[in-house]
Amino acid sequence: HKKAIEKIANDQEILSKVGAAVNEVLRNASDCEAAKPLLTEAYQRIEDASREVTAPASRPTLDALKSQVDRVAQACS
């Protein structure tokens with residue numbers, strides 16, 4: 001039980017870092033010049049996080065964050 005709580009806490013920390021990068025992308029979504037360099041950082045954090053998270057609920061959260069970044073990437077391509 002304690003291990004599961006530790007896993008979730010660890011994942012939450014990882015996801016909050018990913019979320020911060022994704023929020024920067026979303027905040028700059030209307031300005032592609034500003035958003036483009038942020039996309040790389042956001043995708044890198046998502047990729048790193050996908051290797052680090054362990055709680056089952058973390059995967060769908062990462063997928064949702066990635067789809068938000070994908071939308072901005074498509075709009076700015």
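Values below: all heavy atoms of this structure, side chains included; hydrogens, waters and symmetry mates excluded.
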Of all the heavy-atom pairs spanning Glu52 and Asn10, show the shortest one and how long it is. O-ND2, 4.5 Å
Between Tyr43 and Asp70, does a side-chain hydrogen bond (donor to acceptor under 3.5 Å, both in side chains) hold up when you go through it step by step? CA-CA 9 Å; Tyr43 279 128; Asp70 288 344; 2.5 Å; yes
Could you grab the distance from atom CD1 of Ile46 to atom CD of Gln68, nearest 0.5 Å is fine? 9.0 Å
Kindly indicate, with the supporting measurements, whether the criterion side-chain contact (heavy atoms from CB on, under 4.5 Å) is fulfilled by Ser50 and Lys66. CA-CA 11 Å; Ser50 71; Lys66 184 179 182 296; over 6 Å; no
Distance col, row Leu62:CG vs Glu47:CD, nearest 0.5 angstrom, shows 11.5 Å
Hey, can you pull the donor-acceptor pairs under 3.5 Å for the side chains in residues 19-27, sequence neighbours left out?
residue : atom : partner : partner atom : Å
Asn23   : ND2  : Gly19   : O            : 3.2
Glu24   : OE2  : Arg27   : NE           : 3.4
Glu24   : OE2  : Arg27   : NH2          : 2.2

So, Arg45 side chain and Leu15 main chain: donor-acceptor pair closer than 3.5 Å or not? no
In Å and rounded to the nearest 0.5 Å, what is the CD1 to NZ distance from Ile8 to Lys3? 13.5 Å
The complete set of disulfide (SG to SG under 2.5 Å) pairs with one or both residues in residues 21-77, sequence neighbours excluded, reads Cys32-Cys76
List the residues meeting side-chain hydrogen bond (donor to acceptor under 3.5 Å, both in side chains) with Asp11, not counting sequence neighbours, and say none if there are none. Ser58
CG/Leu39 to CG/Asn28 distance, rounded to the nearest 0.5 angstrom? 9.5 Å
